[in-house]
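Single-structure report; data block below.
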Amino acid sequence: DVKVTQSSRYLVKRTGEKVFLECVQDMDHENMFWYRQDPGLGLRLIYFSYDVKMKEKGDIPEGYSVSREKKERFSLILESASTNQTSMYLCASSSRTGEVHETQYFGPGTRLLVL
Amino acid sequence: GNSVTQMEGPVTLSEEAFLTINCTYTATGYPSLFWYVQYPGEGLQLLLKATKADDKGSNKGFEATYRKETTSFHLEKGSVQVSDSAVYFCALRGELTGGGNKLTFGTGTQLKVEL
């Protein structure tokens, strides 16, 4: 059974803290993604990676960075957390098969509260 | 750029009622279209997909037909159950998105099914 896991389900941090969100997939997928989900805005892509050490900005990369040192792991970093980064963060992965419609598999999400 | 518009919720139905959730899109070329479902407290799961015009995706009693002439991919189910209560996201994967397979999501529609 395919699996994407995220390091925490709930996280509370203070403004200015450095925050690490970890995502691990066990499907040997090339592509990995970080989204944030906010009411009324749906899912917005923060960053994605299509290979180890490769990363590309999504639609809202400001205030975030990512790291992909191993194929199975994709980390999202908030260098200095701010209250407007309070959100649900979702990680996803997919295979790069050359076909247009590869399915993305999602983790359970991390609900981050920044005080 | 690509965009997805879906009807706002919440949609509240009685059990066994007919469900339609509207979704329209803007994209160049021939995108692939998806419906994802998010049950309470969980990440997103793929519900169904369609990769070319006139394709019908179906799963768990849900159906959606890719209509290029109306740029739509409406989700339907003939008889909803309480267990269908969730948030439903329409999404598209554009034809030309470079590395990875980025998805563009709608804002989500919450469905509540009551006895």
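Quick caveat: nothing in here was measured; it's all calculated off a predicted structure. Within every chain, numbering begins at 1; the chains are lettered A, B, ... in the order of the sequence lines, protein sequences first and strands thereafter.
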Nearest heavy-atom pair of A:S94 and A:H29: which atoms, and what distance?
O-CB, 3.2 Å

Between A:Q85 and A:L112 the two heavy atoms that sit nearest each other are O-CD2, 3.8 Å

Does the gap between the ring centers of A:F74 and A:F48 come in under 6.0 Å?
no

Please tell me if the side chains of A:F106 and B:Q45 come closer than 4.5 Å, counting only heavy atoms from C-beta onward.
no

Taking side chain as everything from C-beta outward and backbone as N, CA, C, O, which of these in B:L46 sits under 4.5 Å from a heavy atom of chain A? Side chain, backbone, both or neither.
side chain

Of the non-hydrogen atoms in B:C23 and B:W35, which two are nearest, and what is the gap between them?
CB-CZ2, 3.5 Å

Could you look at B:Q38 and say if it's the side chain, the backbone, both or neither that has a heavy atom under 4.5 Å from chain A?
side chain

Which of A:R9, A:R44, A:Q6, A:Q37 touches chain B most, by non-hydrogen pairs under 4.5 Å
A:Q37

Using non-hydrogen atoms and a limit below 4.5 Å, what part of residues 60-69 of chain A faces chain B?
none

Please find the pair of heavy atoms, one from A:M32 and one from A:Q25, that lie closest to each other, and give the distance.
CE-CG, 3.5 Å

With heavy-atom distances below 4.5 Å as the criterion, would you say the side chains of B:D84 and B:L111 are in contact?
yes

Can you tell if the side chain of A:Y89 reaches within under 4.5 Å of the side chain of A:I46, non-hydrogen atoms only?
yes

A:D38 and A:R36: CA distance, side-chain angles, deciding distance, salt bridge (Lys or Arg N to Asp or Glu O under 4.0 Å) verdict:
CA-CA 7 Å; A:D38 300 288; A:R36 63 176 283 176; 2.8 Å; yes

Which atom names give the shortest non-hydrogen contact between A:C23 and A:W34, and what distance separates them?
CB-CZ2, 3.6 Å

Where at least one partner belongs to residues 103-115 of chain B, residue pairs that pass side chain to side chain donor-acceptor pair (under 3.5 Å), sequence neighbours excluded
B:Q6-B:T109

Under 4.5 Å between any side-chain heavy atoms of A:T110 and A:M88, yes or no?
no

Residue by residue, which of residues 9-17 of chain B have a heavy atom closer than 4.5 Å to a heavy atom belonging to chain A?
none

Between A:L43 and chain B, which part of the residue has a heavy atom less than 4.5 Å away: side chain, backbone, both or neither?
both

Would you call the rings of A:Y35 and A:F33 parallel, tilted or perpendicular, where under 30° means parallel and over 60° means perpendicular?
parallel

Greater than 12 external heavy atoms within 6.0 Å of B:E8's CD
no

Test item: B:R93 and B:K102 side chains (from C-beta on) under 4.5 Å apart, heavy atoms:
no

Heavy atom to heavy atom, less than 4.5 Å: which residues from residues 59-69 of chain B reach chain A?
none

